[in-house]
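Whatever order the structure lists them in is the order used to number ligands and atoms, beginning at 1. Bear in mind that the values here come from a model prediction, so they are computed numbers and not experimental data.
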Amino acid sequence: MAGVSTTPETPETPETHGTAPEAPEARQSPADRARNEVVEVALGKLDLDTKARLLAGQDMWSLPALPEIGLKSLVMSDGPIGVRGVRWTADDPSVALPSPTALAATWDQDLARRAGRLLAQEARRKSVHVLLAPTVNLHRSPLGGRHFECYSEDPYLTGAIGTGYVQGVQDGGVGTTVKHFVANDAETDRFTVDNIITSRPLRELYLAPFEAIVKNARPWGIMAAYNQVNGVTMTEHSHLQNKVLRAEWGFDGYIVSDWMAARSTTGDILGGLDVAMPGPQTVYGDALAGAVRAGEVDESVVDDAVRNVLRLAARVGILDGATPVVGELPASVDGQALAREVARRAFVLVRNEPRDGAPVLPIDASRVRKVALIGGPARDARVLGGGSATVFPERVVAPLDGLTAALPDGVLSYTVGADPSDELAPAEKGFELQAVCRDASGTVIGTRGLPSGQIQWIGDDLPDGVTHGTLHSVEVKGTFTPRDSGEHTFGTRGLGAFTLTVGDEVLYEGVQEMGDEADPFEAFFGSPAERGRVQLAAGEPVEVSLAHTVNPDAAGPLSAIMFSFVHSTPLRDPDELIAEAVEAARDADTAVVVVATTERVESEGFDRTDLSLPGRQDDLVRAVAAVNPNTVVIVNSGSPVEMPWREDVAAVLLSWFPGQEGGAALADVLLGAEEPGGRLPTTWPASLADAPVTEVTPTNGELHYAEGVFIGYRAWDRAGVAPAYPFGHGLGYTTWEYESLEATPTEAKVCVRNTGSRTGREVVQIYLAPTADPVERPARWLAGFASVEAGPGEAVEVEIPLAGRAFEIWDAQADAWSFVPGTYEVRACHSLTDRRLTATLDIQA
Ligand code: BGC
């Protein structure tokens, strides 16, 4: 048995590109074998140039069709909370589920599977064959910009939810790409950062969810990350891709690059990368055929990659002669209903104090006289996180909409209180816009109606009659009828030449150059620039126009037109807003304050710099709580925020980014039609200073995961510091008695009784804690869990399998997993720190 390892990852020996039929025979069904035969025949008909072309994106989202072998074009799309489809626009809407953090907070693999089935249905509706999801990187630091898009700080919970998700999507005959392989746990310098991770944390934490999903759900795809791990760019990482993922775990799907991650023809193909996305300019295609002809790459390596792609095509049913994996589709899913169910099952009630003898929640709708709803995000809800995870839902139920529908007339009042969304965002509410396309002579060559001021025309998605060759300028023009009087702010997002006019005032005429970030997605995710302010009157329409001269270089190697006409409403005096809210709260039985992060706080392409709520939201909560003891705060964020006022309010409910039906689900739980079902999938710190890992910025290009296996609760335990709320915490509306626990090395059998007066759901959590440790390990870790439901007075017995890996560590010297004998406490818990029953296991090798 080895001690703790600090040995760096063993330098890899060159492996060959992983091949299809090398997936363990035992795992291949007769149907797999039949598909593989069709694949072999198809492969045999392709020449080198065609094979190399198949491995390169033909545009932003798809691979070329090869009619000569009966192969249709394979279409991919993001992911993970909905299926955007190939167009990046609100006029092609999608169901928006709650954020991945929310899905993980349900601690329910079956629910994740049902979510996956809905997404497969959405993918089919949009002619998408592969969903670019799920994101299973870990919550290493709460500063990670895409924290909201990952599941948890715990690899086991991440693997379990990811397994359900992948199974669900693939039940519907649609592929997944589990991403981002591996260690894309933060965003700063994501294209270049070299994450230095010793083999033990790499195996026990960061690779573990991928391993679990590969073994339990057999995903048809994996996405290789941008970053490097221990000096090797992930798309070229032969050791991790060819040896660990394929040879060791038996992965038999395709590996696709993250978008623009593939940077070396020979490095990538020898490193195991099958497909370079997006196109049309990639390091594969002609360059790959050239590398084979130059003798740098053996053609058999290209064949392996083509096999992997053809096998995927066969599985999803776009290769003639091959029987797709799914013949009969699962029953159709009601997207709105499921979005609402997942949201309420994900809400985590972290605090619910008694007031007048009973907890403040749920609110008794039959007796409540006045509810004061407060907060900008209560009206303009933030239902999803930004970046590539963005989808455009057909409708959004904000908390104001949900509570208005659920409460009797006259009970609800609304005040803004504080508005964190004072940032410029694509022009939408009150705007009637169209795009007018002109050629170099100024002649109009096409027009398109626009649902918002955001233009993302990728590839051939252009207005009728327009081509990239003829298009010279795009003017976004129309009218704006303001909701509020006052000083409105207008601006631009994107690169190139712009002229912005409101009424007859030219607010800006100039050229926006690329910023220092040099992120090729700058035009997608870059900061909007303010260009001027105009005094406008509510209800009075004004003409607006943003003319943009097309800059062929702005989108890097993509053929794309990407820019936005952005706007923000007049900002009112923050003290006045708070004072108004206080007056409304003073007079109410219950004050419900919704606070939120914004797109500038949680999105893709950058990390957070702090965990505080933007704007004056903390002041607002304190002021409201000071006048109303029944103050309930709803925290609308995808990841942790500091809540310095949490002990001063009656209840705190974390709603995550709750998806399109969030407001309806919120009314369900606030008024007690349903209980909030979530448990924290990640430790919620009281302040950033307490968080164990706060360094996400590389030094000299390297980011050292110096904390080893101690992230999340493993680190909090070691530091002996108490967070605001521990991992696994969450309250419902009933109470539970843990009546019995029996444990074997493979299973914990737990009996729990609902001792309250209403039906409820409990997440029974099993933690293992070694009583003495021959190796340095965390004090305890999650080894299994189950979600159970019971009526009042009812008992349920549940058998919870214990993960085999829970008793093992990665032995760096032996380069293998190693069982650690000893005495273990098996703890049946309501949360990490709320232990109910303990059994002891003495396990020897
Ligand atoms: C993201 C991926 C995403 C891809 C395509 C990248 O910037 O990192 O998660 O799937 O874009 O949108």
Side-chain angles (χ1 to χ4, degrees), residues 57 59-63 74-89 92 94 99-100 119 123 126 128-138 144-151 162 165-166 169 174-193 195 210 219 221-228 233-235 254-263 273 275-279 282 384-392 456-459 461 517-526 555-558 560 562 602-607 638:
D59 56 26
M60 186 70 171
W61 305 115
S62 70
L63 299 184
L74 181 98
V75 180
M76 300 161 247
S77 175
D78 293 303
I81 57 127
V83 186
R84 194 174 52 244
V86 297
R87 298 183 55 222
W88 193 296
T89 165
D92 187 10
S94 319
S99 56
L119 296 171
K126 294 198 166 208
V128 165
H129 307 111
V130 176
L131 187 60
L132 303 173
T135 308
V136 302
N137 299 118
L138 293 186
R146 291 174 86 173
H147 195 285
F148 71 90
E149 208 189 307
C150 309
Y151 291 130
Y165 182 103
V166 168
V169 176
V174 171
T176 52
T177 65
V178 187
K179 68 188 186 184
H180 310 84
F181 189 74
V182 59
N184 181 184
D185 308 296
E187 292 291 281
T188 306
D189 297 344
R190 62 178 172 157
F191 285 86
T192 53
V193 60
N195 293 321
F210 289 96
I222 293 277
M223 185 187 288
Y226 292 122
N227 51 277
Q228 306 178 39
T233 294
M234 275 312 305
T235 57
Y254 84 132
I255 303 178
V256 61
S257 69
D258 198 345
W259 265 226
M260 299 193 198
R263 283 156 281 187
L273 183 80
V275 169
M277 286 298 290
T282 76
L384 46 83
S388 62
T390 304
V391 298
F392 300 91
Q456 309 278 21
W457 295 340
I458 296 161
D461 176 27
E517 293 84 5
D519 186 319
F521 291 107
E522 169 97 2
F524 272 105
F525 310 137
L558 306 173
M562 302 188 286
E602 291 183 78
S603 189
E604 180 175 329
F606 54 88
D607 290 313

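- In this structure, D185 contributes its side chain and L138 its backbone to a donor-acceptor pair below 3.5 Å.
- The distance from ligand 1 to the heavy atoms of M223 drops below 4.0 Å at these ligand atoms: 10 (O).
- The W61 neighbourhood of ligand 1 comprises atoms 5 (C), 12 (O), with distances under 4.0 Å to a heavy atom of that residue.
- Put simply, the side chain of T235 never gets that close to the backbone of A224: no donor and acceptor are under 3.5 Å apart.
- At least one N or O atom of R146 sits closer than 3.5 Å to an N or O atom of ligand 1.
- Of the possible donor and acceptor atoms, one in the side chain of S257 sits under 3.5 Å from a partner among the backbone N and O of M277.
- Against a heavy-atom cut-off of under 4.0 Å, K179 is close to the following atoms of ligand 1: 2 (C), 3 (C), 9 (O), 10 (O).
- Side-chain N or O atoms of D607 include one that pairs as donor or acceptor with a backbone N or O of G145 at under 3.5 Å.
- Remark: ligand 1 and H180 share an N or O pair separated by less than 3.5 Å (distance only, no angle test).
- Using modelled atom types and a 3.5 Å distance limit, the side chains of S77 and K126 yield no donor-acceptor pair.
- Using modelled atom types, one finds no donor on one side chain facing an acceptor on the other under 3.5 Å when comparing T192 with D189.
- In this structure, R190 is part of the shell of residues with a heavy atom less than 4.0 angstrom from ligand 1.
- Not close to ligand 1: M260, with no non-hydrogen atom less than 4.0 angstrom away.
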